[in-house]
Amino acid sequence: MLRKFNNSRTIRDNIQLGSLTAFSAGMVNVTSVIIFFAFTSNVTGHYAILAEEISKGNWYQAAVVFAWIFMFFAGNFCSNLIVINFNQKNTYAAHSAPLMIEIACLLAVGTYGQFFYRETLNETEIMVALMLFAMGIQNGLTASISNFSVKTTHLTGLTTDVGLLTSMFTKREYREDKSLRARAQVLFAIATSYVTGGIFAGVVYQQIGFMVFYIASLVIGVIICYEYYKIKIRKMVWNRRKRSSRCKTPVIPEQHIRPMPENVHSGR
């Protein structure tokens with residue numbers, strides 16, 4: 001999921017990455033709606049609210065919403081900045097670092113909400129901003145390493161793509177196109193995981209409250225650990241094959257080495 005970049009990725013890589021990150025994004029978004037009455041996995045609605053607040057002259061509210069939009073932008077910016085600068089040195093590290101930052105943000109929200117949150121307006125505004133930054137990081141990473149084919153924090157563009165693909169599949173020539181079918185598989189996997197994550201968060205929140213963010217962090221942590229485990233296994237297998245190939249190299253005993261006749265060396 002994290003070891004490959006752009007066109008070297010397979011459909012399986014994109015489905016795995018898209019499903020897990022979309023599940024986490026669905027959890028975060030639904031939980032934030034329940035607690036803060038604000039969407040945190042996308043900024044489409046925030047742009048509309050920004051325009052509304054500016055038109056009414058509510059400059060403080062407009063500044064807050066603009067800051068939220070900026071935090072989502074900053075998350076995308078930071079994520080891709082890490083990828084493009086460190087991808088050549090260590091692909092896994094470059095792709096996992098943004099997810100570690102996302103985990104830190106979600107754990108901070110969960111911990112503060114569980115033990116310190118007093119439901120003040122300023123606290124709410126800051127926590128929503130932090131979640132938007134985390135979702136921006138996630139969205140930026142998945143889009144960057146998949147050549148913009150995987151975006152998991154909002155479903156507006158995905159729903160558009162599904163509508164276009166569905167209309168194309170009414171013709172046989174498009175239904176037989178493997179690339180289009182693969183694209184549809186990725187999109188449906190992301191949509192299903194996002195909705196499933198949202199439903200799961202809505203049910204679980206009633207029992208554990210802010211600890212839902214711990215579960216969302218755990219899902220992201222599974223991606224990091226799973227890829228690290230695969231790298232270790234691949235390295236172990238490669239080392240065994242290397243040692244095995246060395247052991248199988250034939251060694252000719254000295255007594256079986258026949259000296260060449262003298263007339264060959266002398267040219268006679």
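- Residue Y112 is grouped with residue L106 when hydrophobic side chains (ILVMFWY) are merged at heavy-atom distances under 4.5 angstrom, including chains of intermediate members.
- Scanning both residues, M127 and V109, for their nearest heavy atoms gives CE-O, 3.6 Å.
- Rounding to the nearest 0.5 Å places SG of C105 at 4.5 Å from CG of L130.
- Checking side-chain atoms of T160 against main-chain N and O of T156 turns up a donor-acceptor pair under 3.5 Å.
- Atom-to-atom distance recorded for K151:NZ and D161:CG is 8.5 Å, nearest 0.5 angstrom.
- Here I126 contributes atom CD1 and N122 contributes atom CG; the two are 6.0 Å apart, rounded to the nearest 0.5 Å.
- In this structure, the side chain of H46 does not engage the main chain of A38 through any donor-acceptor pair within 3.5 Å.
- Here I35 contributes atom CD1 and M131 contributes atom CE; the two are 7.0 Å apart, rounded to the nearest 0.5 Å.
- Across all non-hydrogen atoms, the minimal contact from A94 to I82 is O-CG2, 3.6 Å.
- Closest of all the heavy-atom pairs between R181 and R175 is NH1-O, 2.9 Å.
- Within a 6.0 Å sphere centred on CD of E176, heavy atoms belonging to other residues, nucleotides or ligands number more than 12.
- Note: F70 and F66 have parallel aromatic rings, judged against thresholds of 30 and 60 degrees for the angle between ring planes.
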Walk me through it: do M27 and I215 pass the test side-chain contact (heavy atoms from CB on, under 4.5 Å)?
CA-CA 9 Å; M27 290 184 63; I215 300 178; 3.7 Å; yes
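- The two residues S41 and M135 make their nearest non-hydrogen contact at CA-CG, 3.8 Å.
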Take L17 and I145, measure what side-chain contact (heavy atoms from CB on, under 4.5 Å) needs, and give me the verdict at the end.
CA-CA 10 Å; L17 179 64; I145 67 177; 3.5 Å; yes
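- Within the model, atoms OG1 of T152 and CG of N14 stand 11.0 Å from one another, a figure rounded to the nearest 0.5 Å.
- Residues Y47 and F72 are members of one and the same hydrophobic cluster, defined by side-chain heavy-atom contacts under 4.5 angstrom among Ile, Leu, Val, Met, Phe, Trp and Tyr.
- With a 6.0 Å radius and a threshold of 12 heavy atoms from other residues, nucleotides or ligands, Q88 has its CD atom at or below the threshold.
- Hydrophobic clustering keeps L121 apart from I49 (ILVMFWY residues linked when any side-chain heavy atoms are closer than 4.5 Å, directly or through intermediates).
- The closest donor-acceptor contact from the side chain of N90 to the backbone of A93 lies under 3.5 Å.
- With sequence neighbours excluded, no residue satisfies salt bridge (charged side-chain N to carboxylate O under 4.0 Å, His left out) with K89.
- In this structure, the side chains of N29 and N42 come closer than 4.5 Å at one or more pairs of heavy atoms.
- Nearest heavy atoms, S24 versus A216: OG-O, 3.5 Å.
- Aromatic ring pairs are classed by plane angle as parallel below 30°, tilted from 30° to 60° and perpendicular above 60°; the pair F200 and F23 is tilted.
- The backbone N or O of V43 lies less than 3.5 Å from no partner atom in the side chain of W68, so there is not a single donor-acceptor pair.
- Residue-environment remark: CZ (F37) stays at or below the threshold of 12 foreign heavy atoms within 6.0 Å.
- Two residues are said to be in side-chain contact when any heavy atoms from C-beta on lie closer than 4.5 Å; T91 and F86 fail this criterion.
- If you chain together hydrophobic residues whose side chains sit under 4.5 Å apart, Y214 and M100 fall into the same group.
- Under a 4.5 Å side-chain heavy-atom cut-off, the cluster of Ile, Leu, Val, Met, Phe, Trp and Tyr residues that includes L218 has no other member.
- Side chain of T192 to backbone of A189: no donor-acceptor contact under 3.5 angstrom is found.
- Judged by distance alone, with hydrogens and angles left aside, the side-chain atoms of E123 form a donor-acceptor pair with the main-chain N or O of E119 at under 3.5 Å.
- By the criterion of side-chain heavy atoms lying less than 4.5 angstrom apart, applied directly or through intervening Ile, Leu, Val, Met, Phe, Trp or Tyr residues, F210 is grouped together with I34 in one hydrophobic cluster.
- Taking Ile, Leu, Val, Met, Phe, Trp and Tyr as hydrophobic and joining them when side-chain heavy atoms fall under 4.5 Å apart, one finds V150 in a cluster with I11, I15, L155, L158, V162, L165, M168, F169, Y174, L180, V186, L187, F188, I190, Y194.
- Under the 4.5 Å side-chain criterion, counting only non-hydrogen atoms from C-beta, I224 is in contact with Y92.
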Decide side-chain contact (heavy atoms from CB on, under 4.5 Å) for V128 and F39; before the verdict, give the C-alpha distance in whole Å, the side-chain angles of both, and the deciding distance to 0.1 Å.
CA-CA 8 Å; V128 169; F39 294 104; over 6 Å; no
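- Atom CD1 in I101 sits 13.0 Å away from atom CD1 in I220 (nearest 0.5 Å).
- Checking each of N87, N76, N139, N80 against S144 for a side-chain hydrogen bond (donor to acceptor under 3.5 Å, both in side chains) leaves exactly one that passes, namely N80.
- Here the side chain of T31 pairs no donor or acceptor atom with the backbone of V28 at under 3.5 angstrom.
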